[in-house]
Amino acid sequence: MEGGGVAEKQASYTYWVRETREDAAPRPVPRKLSADDISKQPQPNTLGSVWNQAGTWEERNLNSWASNRIKAGTWEERNLNSWASNRIKELLKSMDSLEFSNGKAYINDVSKCSGDAFLVTVRNKKRVGYTYELTLKFKGEWLIQNENKKIKGHLDIPEFSFGELEDLQVEVSLSEEKDLAAKDKMQICKDLRTFLIPIREKLMDFEQELKDR
């Protein structure tokens with residue numbers, strides 16, 4: 001160019017266009033989807049409800065369903081109060097009388113048999129349990145100062161539970177003790193406490209019957 005200046009290069013661009021050939025694939029033609037086409041489309045997996053398709057946050061209370069499901073398939077509880085109370089009374093009333101060095105006594109009634117017994121089945125395994133407290137009436141006769149005296153009263157057995165029979169205790173109460181000397185009263189109470197052994201044996205029979213149900 002004139003004046004010895006440097007020629008400025010003009011900016012330019014080019015692009016390539018494919019020439020249409022006879023063997024080229026036809027251009028795609030838009031088509032409206034039918035309801036059948038839409039139903040065949042794969043659906044995305046979502047964790048939420050219909051109103052929460054994005055699965056952002058949703059809380060559901062399943063307490064009722066879970067409780068019913070557990071009870072229906074793995075849990076069963078049976079109340080055995082009536083059977084247990086009647087059976088305990090039958091067993092204790094069947095005890096033989098006891099003879100002592102200066103007397104004898106027998107259980108004539110079970111005036112109190114208060115408690116609960118149950119059997120629970122969990123995953124096909126049985127579990128039993130009970131809690132009771134008892135009062136047994138007794139009648140007896142002792143030779144005191146060369147005279148036969150008839151004595152009656154009751155034996156109280158404080159609350160005991162399944163598997164605790166080795167710790168069983170008995171408390172003796174005499175109905176008529178005003179005419180008894182202190183040493184005679186102590187001896188009679190000592191004699192009556194020996195009922196603890198047959199009482200425990202009868203309750204162990206009851207416990208075994210309960211487990212076998």
Side-chain angles (χ1 to χ4, degrees), residues 71 75-213:
K71 291 180 180 179
W75 178 279
E76 179 185 358
E77 182 172 354
R78 295 170 58 192
N79 186 318
L80 301 177
N81 293 349
S82 179
W83 172 85
S85 297
N86 291 333
R87 188 56 180 150
I88 288 174
K89 291 179 180 179
E90 291 175 359
L91 290 169
L92 294 178
K93 288 181 181 179
S94 68
M95 285 191 302
D96 296 329
S97 60
L98 295 185
E99 294 191 2
F100 318 112
S101 58
N102 292 317
K104 60 182 179 180
Y106 65 95
I107 301 298
N108 68 306
D109 192 20
V110 179
S111 59
K112 180 181 180 180
C113 182
S114 177
D116 298 290
F118 61 87
L119 185 153
V120 175
T121 302
V122 181
R123 298 186 183 277
N124 294 323
K125 293 183 179 180
K126 293 192 299 183
R127 299 178 182 177
V128 297
Y130 64 82
T131 300
Y132 273 93
E133 54 182 328
L134 308 170
T135 297
L136 288 64
K137 291 185 177 181
F138 71 85
K139 289 183 179 180
E141 186 176 319
W142 277 262
L143 180 62
I144 300 175
Q145 296 179 357
N146 299 322
E147 180 182 354
N148 287 327
K149 286 193 174 184
K150 293 183 178 182
I151 306 294
K152 60 182 180 179
H154 57 270
L155 308 177
D156 292 319
I157 301 178
E159 185 176 271
F160 60 96
S161 301
F162 180 84
E164 298 180 355
L165 295 180
E166 291 300 326
D167 300 325
L168 203 66
Q169 298 180 358
V170 61
E171 300 172 357
V172 180
S173 297
L174 305 179
S175 299
E176 300 174 1
E177 55 180 274
K178 59 182 179 180
D179 295 333
L180 297 174
K183 65 176 183 177
D184 295 328
K185 177 183 175 182
M186 289 179 61
Q187 183 59 49
I188 292 172
C189 290
K190 181 180 178 181
D191 292 341
L192 290 168
R193 289 192 187 96
T194 60
F195 269 108
L196 181 61
I197 295 175
I199 290 174
R200 181 185 289 119
E201 291 176 350
K202 292 296 183 181
L203 292 177
M204 289 178 69
D205 291 342
F206 159 74
E207 194 169 284
Q208 186 60 49
E209 291 182 16
L210 180 62
K211 291 191 290 186
D212 292 340
R213 287 183 66 85

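We use all heavy atoms of the structure for the numbers below, so side chains are in, but hydrogens, waters and symmetry mates are not. The structure presented is a predicted model; accordingly, all values stated were derived computationally and were not measured.
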To the nearest 0.5 Å, how far apart are [atom1] in [X] and [atom2] in [Y]?
X    : Y    : atom1 : atom2 : answer
I157 : R200 : CD1   : CZ    : 10.0 Å
T131 : F160 : OG1   : CZ    : 9.0 Å
K93  : K202 : NZ    : NZ    : 13.5 Å
L210 : Y130 : CG    : OH    : 8.0 Å
Y106 : L136 : OH    : CG    : 13.5 Å
K112 : S85  : NZ    : OG    : 12.5 Å

Checklist entry - By side-chain hydrogen bond (donor to acceptor under 3.5 Å, both in side chains), which residues pair with Q208, not counting sequence neighbours? => result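 Expected list: D212.
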Checklist entry - With no hydrogens and no angle check, is any side-chain donor or acceptor of N81 less than 3.5 Å from a backbone partner on A117? => result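 The answer is yes, because a donor-acceptor pair under 3.5 Å joins these two groups.
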Does [atom1] in [X] sit with more than 12 non-hydrogen atoms of other residues, nucleotides or ligands closer than 6.0 Å?
X    : atom1 : value
R213 : CZ    : yes
K149 : NZ    : yes
I197 : CD1   : no
E99  : CD    : no

Next on the checklist: Suppose we screen for salt bridge (charged side-chain N to carboxylate O under 4.0 Å, His left out). Which residues come up paired with E90, at least two apart in sequence or across chains?
Outcome noted: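 Salt bridge (charged side-chain N to carboxylate O under 4.0 Å, His left out) check on E90 returns R87.
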Checklist entry - Which heavy atom in E207 sits nearest to a heavy atom in G163, and how many Å separate them? => result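 Between these two residues, the closest heavy atoms are OE1-N, 3.3 Å.
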Checklist entry - Looking at K89 and C113, what are the two nearest heavy atoms and their distance? => result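 In this case the closest contact between K89 and C113 is CE-CB, 3.7 Å.
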Note, [X] side chain near [Y] side chain (heavy atom, < 4.5 Å):
X    : Y    : value
L180 : I151 : yes
N79  : F118 : no
L155 : I107 : yes
K152 : K137 : no
L98  : D191 : no
F195 : V172 : no
L92  : I199 : yes
T194 : F100 : yes

Item to check | Test item: side-chain donor near acceptor, D184 and W142, under 3.5 Å | outcome: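 Short answer, no.
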Next on the checklist: Check for me whether R78 meets the cation-pi criterion with W83, that is, NZ or CZ under 6.0 Å from the six-membered ring centre and within 45 degrees of the ring axis.
Outcome noted: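 Cation-pi check for R78 and W83: fails.
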Next on the checklist: Checking R127 against F162 for the side-chain contact (heavy atoms from CB on, under 4.5 Å) test, could you report, in this order, the C-alpha distance in whole Å, the side-chain angles of both residues, the deciding distance, and whether it holds?
Outcome noted: CA-CA 11 Å; R127 299 178 182 177; F162 180 84; over 6 Å; no
Checklist entry - Mind checking what makes side-chain contact (heavy atoms from CB on, under 4.5 Å) contact with S173, not counting sequence neighbours? => result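 side-chain contact (heavy atoms from CB on, under 4.5 Å) list for S173, sorted by chain: H154, D156.
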Checklist entry - Q187 and N102: side-chain contact (heavy atoms from CB on, under 4.5 Å), yes or no, with the steps? => result CA-CA 9 Å; Q187 183 59 49; N102 292 317; 5.6 Å; no
